[in-house]
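Following: one structure in structure tokens, then a few remarks.
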Amino acid sequence: MKKKIVIFILPVVLFYLLTGYITGMLTDLLKINQESFFFSPEKAPQIKIETDPVKALQNVFSNPDIKKAWLGFTTFLLLAGALLLLPYKERIKALFGNEAPKDPRGTYGTSDWMAEKEARKVFGFNKPGIILGKLSNELVTLPFETRYNKHIMVLGASGVGKSRTFIIPNVISLAEAGHSMVITDPSGEILEHTYKYLLKKGYFVKALNLVDFRLSDPWNPLDSIEDEEDAQVFADIVIKNTETGRRGGDPFWDRAELNLLKALVLYVKEFLPPEKQNMAKVYDLLASKDPSMIAKLFENIPDDKAAKMAYNLYAQVNENVKTGVVMGLGTRLQLFQNKLVRKITSQNEINMLAPKLEKTAYFCIIPDQHTAYSFMSSLFFSFLFIKLVKLHDTTTDKNIRSRHVYFLLDEFCNIGEIPDFTKKISTIRKRNLHCQAVIQSIPQIEDRYPGGQWKEIISNCDTFLCLGVNDPDTAEYVSALLGIKSIQTRSTSHPGDFNAIFETERITQSVGKRLLLNPDEVKKFDAKKNIVILRGKNPFITEKIFFDEMKQAKELEIMPIANYKQPKEIEQVVDNVEKATKEQVLEQNEDKIQKEEEKQKLIDFKEALQEDNELW
């Protein structure tokens with residue numbers, strides 16, 4: 001806005017100075033009495049033309065009459081010129097502007113950039129909401145009370161500042177409004193910058209760190225399983241987000257492993273005490289040295305139990321296949337060989353219902369170099385959606401139902417596949433749950449959610465925010481999304497024969513069309529700006545806002561991620577794990593020694609019995 005004002009005012013000021021200079025040059029002429037000049041030329045003073053710009057302007061401002069005449073005449077010229085040029089506005093744009101003039105009839109399409117005047121009716125300017133950028137130092141937001149849904153698809157190639165210009169600014173904005181939030185944090189940068197700020201704002205803050213388990217709050221996935229349906233979701237997520245190394249696309253093995261995992265999980269939940277209801281125990285049962293151990297677990301369980309029914313499906317295959325299924329599932333769950341992982345997932349300090357009960361900020365720090373732990377992050381978010389929706393639907397507490405929870409999903413495609421996410425994103429908004437999914441490119445989300453699912457996910461977001469594009473497929477998608485603009489085209493031709501001496505050029509005007517931005521223009525779009533597309537509206541251009549430009553930046557205090565858990569606390573966890581492991585080894589050794597002693601006693605007994613028989 002300021003730039004436009006400067007561009008408008010500067011030519012006007014220069015025009016006034018130019019006319020002032022010309023008037024100042026001819027000041028002496030203007031002062032001459034007409035009668036003395038025409039009838040008594042010998043009495044007329046000598047006329048001096050002042051060429052010095054400073055002195056010429058001084059001549060104008062020092063004489064009130066000349067000053068008034070100059071201002072009035074110059075203003076009249078400006079207004080008259082503006083009125084004369086107004087009908088040729090579009091033609092002037094065509095000659096001097098960067099864009100082709102718009103066809104007002106919209107013959108081929110009506111797409112165009114949203115003007116600031118219209119934007120102020122749709123978006124919030126310095127109002128509470130989800131930050132989409134800035135315009136002339138005013139924050140542009142999607143207001144919290146907007147009639148549009150608050151699902152946002154954020155598109156930004158690597159290095160465009162997704163965390164620093166969207167995620168962190170919105171953590172601050174949500175904290176100012178007191179909304180709960182769940183944030184994916186690929187590098188831990190977001191937690192480092194906002195942890196102490198959120199504590200000051202009275203937030204309950206927890207972090208599930210899948211990069212460094214020593215710095216993670218404990219979370220037991222099995223605590224979220226309450227019934228057979230939960231167990232089915234759990235097993236489905238693990239199978240979809242893990243690899244066995246087995247080649248080929250035969251779904252038989254996946255189904256067999258899913259049934260076995262579901263059976264083991266339900267067994268642990270139904271028949272073991274609470275302190276043993278964890279994934280470490282599930283893995284121990286699976287990794288038992290005795291191949292018949294699993295069969296013995298389910299021998300005496302009634303057939304009407306959910307655990308037994310899932311096991312019966314697995315048990316129908318022959319022994320050789322069972323061995324392959326056990327090995328395949330064990331490979332998927334080999335993460336639980338890690339001592340710290342076993343410890344962290346054996347306890348629970350992350351309440352799935354907390355975001356609806358109080359001001360909560362959960363961070364899920366996910367690896368950006370591999371997908372080994374994708375099933376953990378996918379489980380985390382899947383059960384958050386399930387439990388929060390269930391709580392909202394079953395409670396009558398108005399405070400719980402009215403509390404909004406925002407999911408700031410940076411690197412959305414690296415979370416892992418969330419089953420039925422297309423259904424979740426279309427229904428959770430009714431429960432005041434809102435997703436802001438951040439992706440790097442269209443091929444990335446298409447790979448994670450194939451078969452048209454990715455289109456459904458994007459279509460459920462009323463707002464599309466483009467921070468920057470780097471690949472041709474995504475550029476083509478954004479270009480098509482921006483739409484087609486009808487334009488006026490103008491062509492000139494010159495006669496090539498003898499008549500050219502007498503005829504002027506021929507001008508032909510017609511209506512044409514072009515994409516609002518061609519794919520190459522999308523890729524070259526100003527890196528300091530964003531494109532905001534709101535459902536049913538023309539696209540709007542905003543400027544990027546970095547979190548350190550916000551007024552709350554002075555309240556932020558960096559806390560290194562390594563300090564999230566105190567060193568003594570970390571050492572205690574490791575000591576407990578090592579102690580538990582040593583005790584387990586001692587118990588195993590004692591059992592082994594006892595078995596060997598019993599075996600030796602049996603041998604001695606048989607030898608004694610044989611000697612007695614020989615004596616007889």
Side-chain angles (χ1 to χ4, degrees), residues 93-94 96-103 105-115 118-119 132-133 135 140 151-166 409-414 436-491 510-544:
K93 279 186 179 181
F96 302 103
N98 294 325
E99 298 180 5
K102 179 182 178 182
D103 173 40
R105 294 170 295 179
T107 306
Y108 295 103
T110 58
S111 182
D112 201 1
W113 297 111
M114 184 188 293
E118 183 185 355
L132 303 173
L135 193 67
V140 180
H151 296 326
I152 300 177
M153 180 57 65
V154 183
L155 176 65
S158 179
V160 300
K162 297 185 288 293
S163 298
R164 302 178 73 85
T165 66
F166 181 79
L409 305 176
D410 195 3
E411 297 297 347
F412 171 65
C413 295
N414 291 338
Q436 291 75 50
V438 182
I439 62 174
Q440 289 192 9
S441 66
I442 294 299
Q444 185 190 42
I445 189 172
E446 189 176 2
D447 179 65
R448 177 60 73 181
Y449 292 94
Q453 293 182 78
W454 65 278
K455 292 181 181 179
E456 193 174 344
I457 292 171
I458 294 177
S459 67
N460 275 292
C461 300
D462 278 359
T463 308
F464 186 93
L465 177 63
C466 180
L467 306 180
V469 173
N470 200 31
D471 68 284
D473 292 336
T474 305
E476 287 184 12
Y477 179 84
V478 174
S479 177
L481 200 62
L482 291 172
I484 296 174
K485 177 181 180 180
S486 297
I487 59 173
Q488 295 178 358
T489 62
R490 184 171 183 243
S491 61
S510 61
V511 177
K513 63 179 179 178
R514 66 152 289 164
L515 292 166
L516 191 60
L517 284 181
N518 289 320
D520 64 307
E521 294 171 321
V522 172
K523 290 179 67 177
K524 293 184 290 186
F525 196 76
D526 192 344
K528 296 179 181 178
K529 296 180 179 180
N530 307 324
I531 300 174
V532 184
I533 305 174
L534 190 64
R535 176 174 56 83
K537 299 294 181 179
N538 281 329
F540 184 57
I541 298 175
T542 64
E543 302 165 17
K544 284 184 170 64

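Side chains are part of it too, since the values below use all heavy atoms of this structure and drop only hydrogens, waters and symmetry mates. Note that the numbering runs from 1 along the sequence shown for the chain.
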Hey, is the main chain of [Y] close enough, under 3.5 Å, to the side chain of [X] for a donor-acceptor pair?
X    : Y    : result
S111 : K485 : no
K544 : A527 : yes
S479 : E476 : no

For the residue pair [X] and [Y], what are the closest heavy atoms and their distance?
X    : Y    : result
G468 : V160 : CA-CG1, 4.1 Å
N470 : K523 : O-CE, 3.8 Å
I152 : L132 : CD1-CD2, 4.1 Å
I457 : M153 : CG2-CE, 3.8 Å
G133 : T542 : CA-OG1, 3.9 Å
E543 : N530 : O-ND2, 4.0 Å

Taking the side chain as C-beta and beyond, is there a heavy-atom pair between [X] and [Y] under 4.5 Å?
X    : Y    : answer
K455 : E446 : no
W113 : I541 : yes
D471 : Y477 : no
V478 : L517 : no

Drop me the distance from [X]'s [atom1] to [Y]'s [atom2], to the nearest 0.5 angstrom.
X    : Y    : atom1 : atom2 : result
L515 : E521 : CG    : CD    : 8.5 Å
F412 : I445 : CZ    : CD1   : 5.5 Å
I439 : K162 : CD1   : NZ    : 10.0 Å
I531 : L482 : CD1   : CG    : 5.5 Å
T463 : K537 : OG1   : NZ    : 12.5 Å
I442 : L155 : CD1   : CG    : 5.5 Å

Could you please spell out the steps behind the side-chain contact (heavy atoms from CB on, under 4.5 Å) verdict for Y449 and I458?
CA-CA 11 Å; Y449 292 94; I458 294 177; over 6 Å; no
For S163 and D410, test the side chains for any donor-to-acceptor distance below 3.5 angstrom and give the result as yes or no.
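Checked: S163/D410 side chains pair up, N/O donor to acceptor below 3.5 Å.
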Atom CG of residue position N518 - does it have more than 12 heavy atoms of other residues, nucleotides or ligands inside 6.0 Å?
yes
